[in-house]
Colleague: 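Before we start, here is the structure in question, set down as structure tokens.
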2 protein chains.
Amino acid sequence: MEKNIPYKTYLEESEMPKQWYNVRADMKNKPAPLLNPGTHQPMTAEELSGVFCEELVKQELDNDTAYIDIPQEILDFYKMYRPSPLVRAYCLEKVLDTPAKIYYKFEGNNTSGSHKLNSAIAQAYYAKKQGLKGVTTETGAGQWGTALSMACAYLGLDCKVFMVKVSYEQKPFRREVMRTYGASVTPSPSETTEVGRKILAAHPGTTGSLGCAISEAVEVATHTEGYRYVLGSVLNQVLLHQSIIGLESKAAFDKLGVKPDIIIGCAGGGSNLGGLISPFMGQKLRGEADYRIIAVEPASCPSFTRGKYAYDFCDTGMVCPLAKMYTLGSGFIPSANHAGGLRYHGMSSTLSQLYDDKLMEAVSVEQTAVFEAAQKFARIEGILPAPESSHAIRVAIDEALKCKETGEEKTILFGLTGTGYFDMVAYQKFNDGEMTDYIPTDEELQKSFAGLPVID
Amino acid sequence: MEKNIPYKTYLEESEMPKQWYNVRADMKNKPAPLLNPGTHQPMTAEELSGVFCEELVKQELDNDTAYIDIPQEILDFYKMYRPSPLVRAYCLEKVLDTPAKIYYKFEGNNTSGSHKLNSAIAQAYYAKKQGLKGVTTETGAGQWGTALSMACAYLGLDCKVFMVKVSYEQKPFRREVMRTYGASVTPSPSETTEVGRKILAAHPGTTGSLGCAISEAVEVATHTEGYRYVLGSVLNQVLLHQSIIGLESKAAFDKLGVKPDIIIGCAGGGSNLGGLISPFMGQKLRGEADYRIIAVEPASCPSFTRGKYAYDFCDTGMVCPLAKMYTLGSGFIPSANHAGGLRYHGMSSTLSQLYDDKLMEAVSVEQTAVFEAAQKFARIEGILPAPESSHAIRVAIDEALKCKETGEEKTILFGLTGTGYFDMVAYQKFNDGEMTDYIPTDEELQKSFAGLPVID
């Protein structure tokens, strides 16, 4: 064990980043623009501002400004739960008996239980600043809804959450956390929206999906005076806010005099991965440094590894703009045995472009292997990880074991996005030996791809 | 807002305490010794070592050594989740509009969700060092059982937990966390022990109590080769290990150049309170400084404020040594509407003696007022507190509001012992307006006191 690297590195308050980093500014090939679903023309700021707050629209469309000041009020909120620690996984290294040096950036030490709070407070802040009364959103596993509820409670904004029905029923405690923070939580699809009623009529007994909950939240935002819609992943603005994860990680590494070789993050819509890798990818794009960057996704929802790079609907109701992304088709729903998040059919446009440009890799992993890694990690490192985060743990362990074979002393960084305290139903399945895997067949994916819109 | 005090103060790894502090060494009136339940003579080291590990027996009986070295293996484990932050509650101060300066020491940022891990790793370490196969214990709200499971998983020790039946049923997720860490969890009272069968025969349909689960765990430890019993609160050794909380707090305050005026902690068996106040009480005992120290207990289980200072059984089955303490009688069980922990009938002997010597105060609070404080704190400071910790929050807020009236700029420190992620059933009751209060009547207490043993 080297003596100079502590188990945990916290930046001082004065060392915390004061600007977000916008990786698009350094991309040669910019991410494709959002398209109007009717005209198939790029969405204008004016069109977008019916759905999103004005300042967030600016951030969404800004492909040029590399650094954007974080407003003081957001910096103050960040100080309540940030900086998050950069942890050296000494105990894991020892048990794996690997020459690799493993680090993780742990984002779970706040009540939302994940990194989602980083963007929630930013989006709620801009909504408040614009004089809005409230915001609407969707949530699946529940981290995003919890994070937004917390941000809104802090700022005194109303918060309406549409929660995927299967999660609403399986995770009553997540719902109660949101209610404790004053949010209203509606199971989706619901009878409260036109799109919800349509979906219920077409698919009676459906347990819902993220894409469907998005449609409902957007409908309520656009039909209610003083409300806008906010989204916890996928969008450029979200990756911008989440860059705080990577910026803090890089500042801590610089302080320690360490440079990672491999950077690993789980990927659903891309919020955590995009945030974690941003400043490192920036160096790579500018030719200043090289890193191996790996996106890890569930084998049951493999948008990077088996999806198509194409324009697609962001939601099931097809009311949102079209995004060019790696997608499984907006009708794709992961099989019922899939636990936790990372169940979105598409992927951030920015990450999709970077992946298409071969600036990063992607792998998919099956969930029993993921929970094996989760349990091992919990017992060795003392943190019970979220199922989502455990995808990154799985691949970090695999890469560390490769180093054991080759004898290479690589430095691995992975994003530990959150804790699994509200995922004990899934852990119980694993503990009881009842967890199963599922990989969609080629036929299933072809059927889903058939629903992709045709863009001239 | 003063500019020189950060929101959160973390000690550097090199600044972390390397010794525990034993407050008994500075007490003029030592806590009364444990008595053999048969002979009523002080328990000898030999007698105690049938139940507890040898090193822990030494610590239990040592009233003289002020500082005890923390073994390197425990220091290494502490580095995985410690130091815990000393947080300045700027946001709470602002909302309360108080001149008081509020600080809290937050022990919830580890998977056990509370401070219990500080003693669990110590007790598991000494058991391992003695060459034992495993340990047994009881758990109520579940923090202690989770903490011990984590420590045992880390060290490769077997862990058998008797969980109060009502908690076992109401908190299946707590149970699953323990199982994820490899512990076996048995609802208590159970048919697996003699004392359990006796209690079930006498009280069919009972939902259990901590005192009863202790009896079962002790029976299994003393009847199984290579096993010992460990306890998460009440004992002197536990307060010793928990002194890490107060030592870190004091070191952080010293670094900031701040001295608290009032120190507030919730009190069930006394593990958190005893640990938090230890070094401050030491200064007070040595005449070096003065502090107002307040124990906060539930009005439904008021051992300090309405109990008797007398020798009593530590457990329902009356198999454990007798302890002199503030007690409600070993047959006392809080009313069914009582949520969370802080439900033990007695109180640490050390704290009982300090309280009897008027070196600290105690107040009791009702649970709806506690959950009001919890919800307010969650919304303002972003941490969803455990019901237990919220007792301290309630009184910290009350004291801060008194400062607002008087204009005094007092510095308040309270112990935020843990998070409420597994207490959402109680939060749901509060959110739905269905939470109630209960204060035991004098008649109930008199009836319970009648069961106190008669000591010559």
Side-chain angles (χ1 to χ4, degrees), chain A residues 1 6-10 12-14 76-83 85 87 89-91 106 108-113 117 121 146 149-151 153-154 156 172-177 179-182 374-375 378-385 419-425 427-428 430-432, chain B residues 1 6-10 12-14 76-83 85 87 89-91 106 108-113 117 121 146 149-151 153-154 172-177 179-182 371 374-375 378-385 419-425 427-428 430-432:
Chain A
M1 189 184 303
Y7 278 64
K8 287 183 271 120
T9 302
Y10 287 100
E12 298 285 325
E13 210 168 80
S14 58
D76 286 343
F77 188 87
Y78 279 169
K79 284 180 206 160
M80 288 211 299
Y81 71 99
R82 305 198 69 81
V87 186
Y90 280 122
C91 299
F106 181 40
N109 271 350
N110 72 73
T111 288
S112 81
L117 199 51
I121 185 62
T146 310
S149 305
M150 289 174 66
Y154 179 79
F173 296 162
R174 267 282 180 209
R175 182 188 73 209
E176 286 309 316
V177 178
R179 288 186 66 214
T180 299
Y181 282 93
Q375 189 197 61
R379 292 184 182 186
I380 298 168
E381 286 283 323
I383 295 171
L384 187 85
T419 51
Y421 308 145
F422 292 96
D423 297 284
M424 296 317 297
V425 169
Y427 271 98
Q428 180 167 4
F430 181 75
N431 292 338
D432 290 339
Chain B
M1 192 184 300
Y7 278 64
K8 288 184 272 120
T9 302
Y10 287 101
E12 298 287 324
E13 210 168 79
S14 58
D76 286 344
F77 188 87
Y78 279 170
K79 285 180 205 159
M80 288 209 300
Y81 71 99
R82 307 199 66 82
V87 187
Y90 281 120
C91 300
F106 180 40
N109 271 350
N110 71 75
T111 288
S112 80
L117 199 50
I121 185 59
T146 310
S149 306
M150 291 175 66
Y154 179 80
F173 296 162
R174 267 283 179 206
R175 183 188 71 209
E176 285 310 316
V177 178
R179 287 185 67 212
T180 300
Y181 281 93
F371 274 82
Q375 190 198 62
R379 293 184 181 185
I380 298 168
E381 286 283 323
I383 296 172
L384 186 83
T419 50
Y421 307 144
F422 293 96
D423 297 284
M424 296 317 296
V425 169
Y427 271 99
Q428 180 167 4
F430 181 74
N431 292 337
D432 290 339

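Computed from a prediction, not measured in an experiment: that's the story for all the values here. In what follows, every chain begins at residue 1, and chains take the letters A, B, ... in the order their sequences are listed.
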Colleague: At a heavy-atom separation under 4.5 Å, does A/N431 approach chain B through its side chain, its backbone, both, or neither?
Modeller: both

Colleague: Is A/R175 close to B/M424 at the side-chain level, that is, under 4.5 Å between some pair of heavy atoms?
Modeller: no

Colleague: Restricting to non-hydrogen atoms, name the atom on A/R179 and the atom on B/R379 that form the minimum distance, rounded to 0.1 Å.
Modeller: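 Shortest heavy-atom contact: O-NH2, 3.8 Å.
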
Colleague: With A/F173 as reference, evaluate B/Y421, B/F173, B/F422 under the ring-ring contact (aromatic ring centres under 6.0 Å, His included) test and give the passing residue.
Modeller: B/F173

Colleague: State the CD-NZ distance between A/E13 and B/K8, to the nearest 0.5 angstrom.
Modeller: 8.0 Å

Colleague: Testing the basics here: between A/Y181 and B/A378, what is the closest heavy-atom pair and its distance to 0.1 Å?
Modeller: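 Closest approach of A/Y181 to B/A378, heavy atoms only: CE2-O, 2.9 Å.
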
Colleague: Heavy-atom distance under 4.5 Å to chain B: side chain of A/V87, backbone, both or neither?
Modeller: neither

Colleague: Counting heavy-atom pairs under 4.5 Å to chain B, which of A/M150, A/M80, A/R174, A/Q375 comes out on top?
Modeller: A/M80

Colleague: So, taking the atom named OG1 in A/T180 and the one named CZ in B/F430, what distance separates them when rounded to the nearest 0.5 Å?
Modeller: 8.5 Å

Colleague: Just so I know, are the side chains of B/Y7 and A/D76 near enough to count as touching, which here means a heavy-atom distance under 4.5 Å?
Modeller: yes

Colleague: Please classify the contact between A/L384 and chain B as side chain, backbone, both or neither, with a heavy-atom cut-off of under 4.5 Å.
Modeller: both

Colleague: Please identify which of these residues, A/T111, A/N110, A/N109, meets the side chain to side chain contact (heavy atoms under 4.5 Å, CB included) condition with B/I383.
Modeller: A/T111

Colleague: I'd like to check B/P85 versus A/Y10 (side-chain heavy atoms, cut-off strictly below 4.5 Å). Are they in contact?
Modeller: no

Colleague: Please identify each residue that fulfils side-chain contact (heavy atoms from CB on, under 4.5 Å) with A/A374, with sequence neighbours left out.
Modeller: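 side-chain contact (heavy atoms from CB on, under 4.5 Å) check on A/A374 returns A/P385, A/S390, A/Y427.
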
